[in-house]
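For the numbers below, each heavy atom of this structure counts, side chains included, while hydrogens, waters and symmetry mates do not. Here the structure is a predicted model, which is why all the values come from computation and not from measurement.
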Amino acid sequence: MATTEAVKAKTLLGECSAELAGTFILILFGCGVVAQVVAGGIGDHDSIAWAWGLGVTLGIYVAGRMTGAHLNPAVTIALAAFRGFSWKKVLPYSVAQFLGAFLAALVVRWNYTEALHKVDPGLTIKTQGVFSTLPGNGSMDLGVHMWGGFRDQIIGTAILMMVILAITDLRNTSPAANLAPLIVGLLVVGIGMAWGTNAGYAINPARDFGPRLASFFTGYGGAMKDQFGDVYFWVPIVAPIIGALVGAFLYDLLVGRNLPIADEDEEPGRIPEEKTTA
């Protein structure tokens, strides 16, 4: 007797669960490594950049089959604006991403509670950077204030979105599907190493606000402000959204609209060959 394999249809709840899980993994590695460096004195800026990149890669592998692994409300909004992603799913996806980041940050806060209280008993700006970003990474010496951070986040997220579209565009020299998460992770490592000074490269509203809220609820009373006393929490929310839209627009303007229409028989990642007729 012939048997047929049941095919599970994707549901919005399932997609949101995947986004939550992928973002959860991302933040476990991201906030976890910063806690290790700041509170434990183990590692440095390079280890932070690499762990954030690995967190992105692993988060994409967790959620990729279900949703393509946005893990970032700015990416979700840009995909809706430029790639036909359903606007009806933008809010549910974003809520799931924020919740995943919030829960992961609570785990990091709980696990590193002794070390955090040891190095910073008052839970001040000294260790706030474990969870959320600050202009100049909390330094007053660099002279970077709120609007400098705003500018930086637009640029950094524009780079992120532009390259993500290049990596995932089958008409371009995209990697195979199973390799794309690693390349996106390396992209985040590169952004961290080149664009981490002015605002800590949040480049993701969920990555920043979820952990920021978790830290606020667990003793960091000044979490919504920066080291100058300015209300800062909105900067890593609004600026990355603008940046992602700019990045998607630039990719389509400069590259996407000039690429040939994809051939269904063409191997993904292979440089298209010009076809000639006799």
Side-chain angles (χ1 to χ4, degrees), residues 10 12-34 48-83 85-86 89-108 131-133 153 156-168 177-192 200-214 236-237 239-241 243-245 247-248:
K10 289 196 296 184
L12 180 58
L13 178 60
E15 292 174 40
C16 290
S17 296
E19 284 293 309
L20 186 153
T23 311
F24 183 84
I25 294 298
L26 162 62
I27 299 302
L28 284 183
F29 282 90
C31 287
V33 70
V34 182
I48 290 174
W50 279 106
W52 272 110
L54 287 171
V56 169
T57 295
L58 298 174
I60 294 174
Y61 278 124
V62 167
R65 182 65 184 272
M66 281 293 294
T67 66
H70 301 185
L71 314 186
N72 183 337
V75 170
T76 299
I77 291 170
L79 291 177
F82 289 91
R83 289 297 181 273
F85 182 73
S86 174
K89 293 184 178 182
V90 169
L91 181 59
Y93 269 48
S94 298
V95 171
Q97 293 153 1
F98 278 113
L99 184 57
F102 175 79
L103 294 174
L106 287 180
V107 173
V108 173
F131 301 99
S132 54
T133 59
Q153 286 302 286
T157 316
I159 295 169
L160 174 73
M161 194 69 221
M162 185 175 184
V163 181
I164 284 177
L165 290 182
I167 291 169
T168 57
N178 287 335
L179 187 59
L182 177 60
I183 306 303
V184 175
L186 290 174
L187 165 62
V188 173
V189 173
I191 292 173
Y201 71 105
I203 57 176
N204 181 340
R207 169 267 173 271
D208 191 87
F209 189 66
R212 189 183 296 271
L213 203 59
I237 297 175
I241 293 172
L245 293 171

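L54 places none of its side-chain heavy atoms less than 4.5 Å from the side chain of V33. Between C16 and Y93 the shortest side-chain heavy-atom distance falls below 4.5 Å. Residues I241 and P205 are in side-chain contact: their nearest non-hydrogen atoms beyond the backbone lie under 4.5 Å apart. Taking 4.5 Å as the limit, some side-chain heavy atom of V34 sits within range of a side-chain heavy atom of W52. Using a 4.5 Å heavy-atom cutoff, the side chains of E19 and V95 are not in contact. Side-chain contact between F82 and I77 is absent, with no heavy-atom pair separated by less than 4.5 Å. Side-chain contact between R207 and N72: absent, with no pair of heavy atoms (C-beta onward) separated by less than 4.5 Å.
Checked by atom type, the side-chain pair Q97/T76 shows a donor-acceptor distance below 3.5 Å.
More than 12 heavy atoms of other shown residues, nucleotides or ligands fall within 6.0 angstrom of atom CZ in R83.
Classified by interplanar angle (parallel below 30°, tilted 30° to 60°, perpendicular above 60°), the ring pair H70/F85 is perpendicular.
Between atom CG of residue L103 and atom CG of residue L20 there is a gap of 6.0 Å, rounded to the nearest 0.5 Å. Atoms OG1 and CD1, on T168 and I183 in that order, are 12.5 Å from each other to the nearest 0.5 Å. Between I48 atom CD1 and C31 atom SG the span is 10.5 Å, to the nearest 0.5 Å. We find the CZ-CG distance between F209 and N204 to be 13.0 Å, quoted to the nearest 0.5 Å. Taking CD1 from I60 and CD1 from I164, the interatomic distance works out to 7.0 Å, rounded to the nearest 0.5 Å. For the atom pair CG (L187) and CG (L182), the distance works out to 11.5 Å, reported to the nearest 0.5 Å.
Here the closest non-hydrogen pair linking A80 and V90 is CB-CG2, 3.7 Å. T157 and A74 make their closest contact through CG2-CB, 4.4 Å (heavy atoms, listed as atom of the first residue, atom of the second, distance). Taking both residues in full, the closest heavy atoms of V189 and A49 are given as CG2-O, 3.4 Å, listed atom of the first, atom of the second, then distance. Contact between G59 and I25 at its shortest, heavy atoms only, is N-CG2, 4.0 Å. Between A78 and M161 the shortest heavy-atom distance is CB-SD, 3.8 Å. Across all their heavy atoms, A105 and F131 have their closest contact at O-CE2, 3.8 Å.
Remark: the backbone N or O of D208 is not paired with any side-chain donor or acceptor of S132 at under 3.5 angstrom. Side chain of K10 to backbone of M66: a donor-acceptor contact under 3.5 angstrom is found. Y61 places a side-chain N or O within donor-acceptor distance of the main-chain N or O of N178, the cut-off being under 3.5 Å.
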Residue pair V107, F24: steps toward the side chain to side chain contact (heavy atoms under 4.5 Å, CB included) verdict: CA-CA 10 Å; V107 173; F24 183 84; 4.1 Å; yes
Please assess L160 against Y201 for the test side chain to side chain contact (heavy atoms under 4.5 Å, CB included), listing each intermediate value before the final yes or no. CA-CA 10 Å; L160 174 73; Y201 71 105; over 6 Å; no
Check the pair L79, L165 against side chain to side chain contact (heavy atoms under 4.5 Å, CB included), reporting the backbone distance first and the verdict last. CA-CA 9 Å; L79 291 177; L165 290 182; 4.1 Å; yes
For side chain to side chain contact (heavy atoms under 4.5 Å, CB included), just list the numbers for T57 and F29, CA-CA rounded to whole Å, side-chain angles, deciding distance to a tenth of an Å, and then say yes or no. CA-CA 11 Å; T57 295; F29 282 90; over 6 Å; no
